Student: 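To start, I am sharing the structure in question, which I have written as structure tokens.
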Amino acid sequence: MHSPNPVRLIAKVSIFNGVAFQTRQYQPQIYLGDPINICNVLSDQGCQEINLVFPHAPPGLDKIARILSVSRAPTAVGGYGTDIKTIENLMNSGAEKIIISDSLWFNPRSIEKLADHIGDQAISCSVDYRVKNGKRLVVAGPNRDQEIGQLEELVQSLPSLRFGEIILSCISSDGSRSGLDLDIVSSVSTTKSLLLSGGYNDESLENFSADGVVCSTAMFLYGGLNAPLTHYPNQYRVNASV
Amino acid sequence: MKFMIVDFPQSNFVSVKYWLQRNRQQFSLFSQQRNDPFDAILLPGVGSFDFAVEHMQQQGIDQFVRDSVDEGKLVMGICLGMQLMFSSSEEGEKSGLGLLSGKVKRLDTGLCKVPNIGWRAVTAQHNRNASWDSVLTSSNNRQFYFMHGYAAHFEDLETSFTTMADTLTGSCNGDFIAAFSYKNLVGFQFHPEKSYIAGDTILQQVIEAHA
């Protein structure tokens with residue numbers, strides 16, 4: 001059954017060494033520019049939500065605070081782990097949600113402790129996977145090459161954890177516009193909001209089977225020429241100005 | 001209007017600070033400037049019920065808020081900040097501020113996923129006071145950003161509230177209170193500080209209504 005709520009379209013801003021890039025399979029591919037400027041433009045355009053992601057080493061909190069100071073959209077931040085003090089500082093810098101990934105598999109207890117502090121709804125879980133020989137394999141580690149197990153089985157173990165939503169991120173199709181992995185929706189049973197990431201090709205999200213999409217190509221590769229331009233799709237904007 | 005922001009350690013009080021700055025409102029942070037003069041207390045959102053209550057008790061915020069209510073100052077709560085105004089919550093075991101009698105309850109399960117996260121339209125429900133006419137009229141059917149697993153439900157609250165409060169209603173497997181004004185208390189279950197122009201408008205209107 002479909003959710004009665006409108007589909008969420010979340011802008012994913014991937015930042016490497018302080019610079020935003022359009023990624024391909026989680027690697028920086030096309031230079032997009034200063035994330036402060038990008039978040040400002042996305043906010044001007046009425047972007048529903050922003051996910052700031054640091055695939056490699058995250059920057060200092062002062063840099064994050066500067067980005068968050070211009071983000072008027074609800075913003076989640078990933079790449080900082082689950083250390084309570086660090087997460088508190090991140091929230092105090094202006095983040096609304098935290099994105100957790102590797103801790104799901106290596107330190108699930110830390111997520112429970114984190115939920116005690118910031119609430120379940122402020123935790124977004126990203127399950128990153130690659131498609132290999134027809135199988136969806138969950139991956140972890142700095143280069144996303146550490147195979148943990150089959151996605152369909154691992155996701156079933158997640159509902160006992162306390163979190164607000166789950167992002168299924170297909171690294172194999174990240175940045176490719178090859179289409180979302182829609183088949184996964186019927187294989188995953190969850191009572192939490194389910195967001196898909198990887199491969200979105202601007203297809204209609206009417207009658208969409210998940211709750212939302214986390215993507216970057218739709219916002220940062222504009223028009224037929226795929227020009228690197230920040231442009232949140234008109235039809236998903238919320239009213240940002242008078 | 002000058003606000004005293006209660007800067008809970010796990011909250012998004014910085015977003016609330018930016019919201020007030022954008023709307024040219026003055027503010028102080030409780031942890032640094034608790035002795036500053038102010039007109040209204042602002043309890044921000046994000047966090048868990050028990051952790052926030054514990055922090056309030058340790059820092060004497062609970063008494064500070066109650067004293068301010070008695071002095072007739074406005075108390076504005078956002079999301080968890082609004083839920084803290086009630087007697088208790090199913091999210092935790094500790095007692096809330098008890099400014100309103102009633103229990104905050106977990107949202108029912110159903111087609112709408114819980115926690116309820118995203119942009120949702122609200123509906124003007126009860127309009128009892130002329131001062132909130134503009135808030136209810138302009139917010140009716142307008143979208144605000146929600147991020148919550150618990151909420152206050154109209155039927156669980158004290159009679160004086162249900163007969164006197166102005167309310168906006170949200171829905172997630174059943175109706176809940178999305179915003180209210182009751183005496184000198186104002187609560188938002190949604191995040192007006194992250195709701196763009198809708199949130200800016202409601203701030204201005206609430207300030208005018210309670211000036």
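Since the model is a prediction, treat every value here as computed from it, not as a measurement. Every chain is numbered from 1 and lettered A, B, ... according to where its sequence line falls, protein lines coming before strand lines.
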Student: Using heavy-atom distances under 4.5 Å, tell me whether S193(A) contacts chain B through its side chain, its backbone, both, or neither.
Tutor: both
Student: Applying the side-chain contact (heavy atoms from CB on, under 4.5 Å) criterion to Q10(B), which one of D116(A), I118(A), I87(A) satisfies it?
Tutor: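 In the set D116(A), I118(A), I87(A), the residue that makes a side-chain contact (heavy atoms from CB on, under 4.5 Å) with Q10(B) is I118(A).
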Student: Once rounded to the nearest 0.5 Å, what's the spacing between atom NZ of K113(B) and atom CD1 of I166(A)?
Tutor: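 If we round to the nearest 0.5 Å, K113(B):NZ and I166(A):CD1 are 10.0 Å apart.
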Student: Does atom NZ of K2(B) have more than 12 heavy-atom neighbours from other groups under 6.0 Å away?
Tutor: yes
Student: When only heavy atoms count and the cut-off is under 4.5 Å, which of residues 99-110 of chain B reach chain A?
Tutor: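 No residue falls under the 4.5 Å cut-off.
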Student: Please report the interatomic distance OG(S11(B)) to CE(M91(A)), rounded to the nearest 0.5 Å.
Tutor: 8.0 Å
Student: Within residues 92-100 of chain A, which positions have a heavy-atom distance to chain B below 4.5 Å?
Tutor: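 Against chain B, the residues of residues 92-100 of chain A that fall inside the cut-off (heavy atoms, under 4.5 Å) are N92(A), S93(A), G94(A), A95(A), E96(A), K97(A).
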Student: Applying a heavy-atom distance below 4.5 Å, give me the residues of residues 16-25 of chain B that approach chain A, sorted by number.
Tutor: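 Interface residues of residues 16-25 of chain B: Y18(B), R22(B).
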Student: Which of the residues D50(B), N12(B), L80(B) is involved in the greatest number of heavy-atom pairs with chain A at under 4.5 angstrom?
Tutor: N12(B)
Student: With chain B as the partner chain, list the residues of residues 5-15 of chain A whose heavy atoms fall under 4.5 Å from it, by residue number, and write 'none' if nothing qualifies.
Tutor: N5(A), P6(A), R8(A)
Student: Identify which of S71(A), A65(A), A122(A), A73(A) forms the greatest number of heavy-atom pairs closer than 4.5 Å to chain B.
Tutor: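 Among the listed options, the one with the most contacts to chain B is A73(A).
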Student: Rounded to the nearest 0.5 Å, how far does CD of Q48(A) lie from OH of Y196(B)?
Tutor: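 Output value for this atom pair is 9.0 Å.
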Student: Looking at G118(B), S15(B), P9(B), which one has more heavy-atom pairs under 4.5 Å with chain A than the rest?
Tutor: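 It is P9(B).
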Student: Measure Y150(B) against the heavy atoms of chain A and call it side chain, backbone, both or neither at under 4.5 Å.
Tutor: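 For Y150(B), no heavy atom lies under 4.5 Å from chain A.
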Student: Quick one: pull up OG in S48(B) and CG in L114(A) and give me the separation to the nearest 0.5 Å.
Tutor: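 Atom-to-atom, S48(B):OG and L114(A):CG are 10.0 Å apart.
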Student: What distance do E165(A) atom CD and M147(B) atom CE have between them, rounded to the nearest 0.5 Å?
Tutor: 9.0 Å
Student: Could you check if a side-chain atom of K192(A) sits within less than 4.5 angstrom of a side-chain atom of P115(B), using non-hydrogen atoms only?
Tutor: yes
Student: Side chains of F146(B) and P74(A): does their closest heavy-atom pair fall under 4.5 Å?
Tutor: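 A side-chain contact is absent here, since even the closest heavy-atom pair is not under 4.5 Å.
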